[in-house]
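Order of appearance sets the numbers: ligands from 1, and atoms from 1 within every ligand.
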Amino acid sequence: MTIEIAHIRQAQERIFPYVQPTPLRPSHALSERLQAKVSLKFETMTATGAFKLRGATNKLLNLPEDQRARGVITVSSGNHGRAVAYISKALGIRAVVCMPEIVPPEKVAGLRDFGAEIVIHGQNQDEADAEARRIGQRDGLLFVSPFDDADVIAGQGTIGLELLEVAPQLDTVLVQLSGGGLMSGVAKALKSIKPEIEVIGISSLHGAAMLESIRAGKIVTVEEEPTIADALPGPIPPDNRYTFAMCRELVDDHIQVSEDQIAEAMAYILHNEKCIVEGAGAAGVAALLNHPDRFKGKNVAAILTGDNIKVERALSIIAKAQSPRT
Ligand SMILES: *Cc1c(COP(=O)(O)O)cnc(C)c1O
């Protein structure tokens, strides 16, 4: 199966009762600084504070009746887990979120508040993943991938539709790239409507598995290092069905951002947009701030993908950052 614009349009209609369009706001500060027309898409404004609600909602609303009755399982302690937990509760579907012992207690509590059943198992992500698949088999729960799933990709793609509905004159869109669910959906929507639009993937310098895989022409594993953009690194499983091929085909260019650049961008966004975002959420703005000449004169949008970070942690990162304030 390939994902087409029709799937993304169906997703848009399907998720509307649960996920309304998010604001696309012109950034005066960035536009002045880059001598460009820069807008920011506030995915921080969804009910769970990140775009992942789009994909999870499309997935769960599209489940066959018998699977809906049995429920779903996933392994993410981050934005995907929050999204699955939240929308499962809203729809009355059983959701189990499996995670390793290393996940901080406040993240576990946050997920439990959203209504998920929590299973803590194993020393690392791989062990939690194996346990989730085992429980899924045993209880008939469907495993929901955070990115390599047609319904999830179509759900994330609704961002692309919204961008061109509000700003048909956009010529460049920056999209954070990790597992590639966001990129695959958004790029498919954008390029189907406006083939000449430029789509740029934004990766961290740390653990850019998709970018390295695209460069190598095959799925590769990269060393994972801790990063303040903790939603960005993560392996691409070798049985990938959609996102590697779609990202390879649809992404025009790539920019990688450093830890310092992400921290600066978080500070910049707080000072100028009055918004706290997590590291991954600031990566697009980090790319803009550090490549001003590349975007001069362009009509460009970047996505604030999420705000899932403790305020104290965000403020401490921002306090230490070298901030280009305006
Ligand atoms: C998941 C996530 C990303 C990356 O999305 P992929 O579909 O995995 O590429 C970027 N930013 C935030 C905040 C996320 O939660």
Provide the number and element of each atom of ligand 1 under 4.0 Å from a heavy atom of [X].
X	answer
T305	10 (C), 11 (N), 12 (C), 13 (C)
N79	13 (C), 14 (C), 15 (O)
G306	13 (C)
E278	13 (C)
G181	6 (P), 7 (O), 9 (O)

**OP:** Answer yes or no: does an N/O atom from Q176 fall short of 3.5 Å to an N/O atom of ligand 1?
**Re:** no
**OP:** Assess whether atom OH of Y86 is packed by more than 12 heavy atoms of other residues, nucleotides or ligands within 6.0 Å.
**Re:** no
Original post:
Applying a strict 4.0 Å limit to heavy atoms, is G180 in contact with ligand 1?
Top reply: yes
Subject >> Proximity flag M183 to ligand 1, non-hydrogen atoms under 4.0 Å >> reply: no
Original post:
Can a salt bridge be assigned to the pair E43 and K52 using a cut-off of 4.0 Å between side-chain N and carboxylate O?
Top reply: no
Subject >> Atom pair CG/CD of L205 and Q256 - distance to nearest 0.5 Å >> reply: 5.0 Å
Original post:
Please state which protein non-hydrogen atom is closest to atom 8 (O) of ligand 1 and give its distance, to 0.1 Å?
Top reply: G179 N, 3.0 Å
